Amino acid sequence: MPSLCLPYPLDLSATLMSGQTFCWTQDPNDRFSGWIDGLPLQLHLSDDRLHWDNPAVGSDNILRYFCLDLNLPALLANRMDDPWLSQASQAHPGLRPVREERWECLVNFLCSSLKQIVQIRQINARLRASFGSSGSTFPTADVLAEAGEKALRTCALGYRARHVSKTAKLLSRNPDLLIIPPSLPTYLAARHLEQIPGVGPKISRCVLLYAYSRWDAFPVDVWVDRLVRELYFPRRRKPFRQQELEKWSLEKFGQACGLAQLRLFHWFRTRPDTRQRLAKGK
DNA sequence: TACCTACCTGT
DNA sequence: CAGGTAGGT
């Protein structure tokens, strides 16, 4: 079984199961089954090493997927005067950004509106089972375009099927749409992605953060809005506009604000405080 | 510009 | 009711 020595701590559960990627399942022994670069594999951690069971997957694929070339603490080091970011970072030191496959990431988030993480995972699994080729690889744009909206609805996509279908057709005609020059500023990259049906400000930034390694992409959803208001603007009642928070985040956390968001978000959602209030219904 | 609503399905 | 977007006023 291949393995590699980890240059940074890696928390597989936090990284794979908390809303960046949706193709993984976790078994009771903390083994994680999923796909990297279209290849199926199972991952597990032992003795500070990461092991996987598919020899066809190389170390380079793994390193790339978990962005293990990235010195995460260094990128946010000069922002640790912020007590919340500091606390969130200490709580989950092994939470890492991933580099998801672009097309899959786009479809995942097209399916994400008004859905819980678990449900998005189910949709991902159903799309693989119904339309993926051998080994349940994630279906290509061509295949989903061919399938059509009606067939997609059988995977419990609901009204999201319309967008996925239209997007699949668009992308199958023009695959280059997902190519974005690294030199293009993130706000323009977002604008580019927002030409795709069903892609608005939230999804464009998620895709840029989780598939394009744009660390300055700052997705704003209802949770991020709640988080920022509760922690940083406790008196404020009305929700922020996406643009306001984007501007604020860049000033607050700098070019790595997306990574700050990743950490704050995960910590906020999993801390006992939030869980309690969630259980009480508010 | 700033709200308002329809859109599917599962917990 | 829920981790949004598009199309309307």
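Owing to the predicted nature of the structure, the values given are computational and were not obtained by experimental measurement. Throughout, protein chains are lettered first and strands after them, A, B, ... in sequence-line order, and every chain is numbered starting at 1.
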Between dT11(B) (C1') and Lys115(A) (NZ): distance, integer Å: 10 Å

To the nearest angstrom, the CZ-P distance between Phe240(A) and dT1(B) comes to 20 Å

Would you call the rings of Trp24(A) and Tyr65(A) parallel, tilted or perpendicular if under 30° counts as parallel and over 60° as perpendicular? tilted

Minimum-distance nucleotide to Arg269(A) side chain [options: dG3(C), dG4(C), dA6(C)]: dG3(C)

Contact under 4.0 Å: Arg162(A) side-chain N or O vs dC7(B) OP1/OP2: no

5'-most contact on DNA chain B (nearest-nucleotide basis), Lys238(A) vs Leu114(A), goes to Lys238(A)

Considering only NZ, NE, NH1 and NH2 on the basic side and carboxylate oxygens on the acidic side, decide whether Glu104(A) and Arg128(A) come within less than 4.0 Å. yes

Find the distance Glu194(A):CD to dG7(C):P and express it as a whole number of Å. 14 Å

Is the ring pair Phe109(A)/Tyr210(A) parallel, tilted or perpendicular, if the boundaries are 30 and 60 degrees? parallel

Watson-Crick or G-U counterpart of dC8(B), or none if no pair lies under 3.5 Å: none

Expressed in whole Å, how much space separates the C1' atoms belonging to dT5(B) and dC1(C)? 16 Å

Take the protein atom NE2 of His163(A) and the nucleotide atom P of dC8(B), then report the distance between them rounded to whole Å. 10 Å

Atom CG of Leu110(A) and atom P of dG4(C): how far apart are they, to the nearest Å? 13 Å

Could you check whether Pro201(A) gets within reach of a base, just the sugar-phosphate, or nothing at all, counting any heavy atom under 4.0 Å? sugar-phosphate

Looking only at heavy atoms, what is the nearest atom pair of Leu41(A) and Asp53(A), with distance? CA-OD1, 3.4 Å

Check every strand shown and say whether Val199(A) touches a base, only sugar-phosphate, or nothing at a heavy-atom separation below 4.0 Å. sugar-phosphate

Side-chain ion pair, Glu194(A) and Lys202(A), N-O less than 4.0 Å: no

Applying a 3.5 Å limit to both distances, which nucleotide forms a Watson-Crick or G-U wobble pair with dG3(C)? none

In residues 116-129 of chain A, what residues come within less than 4.0 Å of DNA chain C, judged by heavy atoms? Gln116(A), Ile117(A)

Can a side-chain donor-acceptor contact be found between Thr186(A) and Tyr212(A) if the only test is distance below 3.5 angstrom? no

Electrostatic pair Glu244(A)-Lys238(A), nearest N-O below 4.0 angstrom: no

Taking dT9(B), dC7(B), dG3(C) as options, the one with an atom nearest any side-chain atom of Ala156(A) is dT9(B)

Rounded interatomic separation in angstrom, taking CZ from Arg160(A) and P from dA6(B): 16 Å

Could you tell me which nucleotide pairs with dT1(B) by Watson-Crick or G-U wobble geometry, both distances under 3.5 Å, or answer none if nothing does? none

Given that Phe265(A) and Ile196(A) both sit by DNA chain C, which one's nearest nucleotide is further toward the 5' end? Phe265(A)

Ranking dC8(B), dG3(C), dT5(C) by distance to the side chain of Arg153(A), first place goes to dC8(B)

Asp69(A) pairs by salt bridge (charged side-chain N to carboxylate O under 4.0 Å, His left out) with which of Arg96(A), Arg64(A), Arg99(A)? Arg99(A)

From CG of Asn108(A) across to P of dG4(C) the rounded distance in Å is 15 Å

With a non-hydrogen cut-off below 4.0 angstrom, is Ser18(A) in contact with a base, only sugar-phosphate, or nothing? base

Taking only N and O in the side chain of Arg241(A), is any of them less than 4.0 Å away from OP1 or OP2 of dA2(B)? yes

To the nearest angstrom, the NE2-P distance between His266(A) and dG3(C) comes to 16 Å

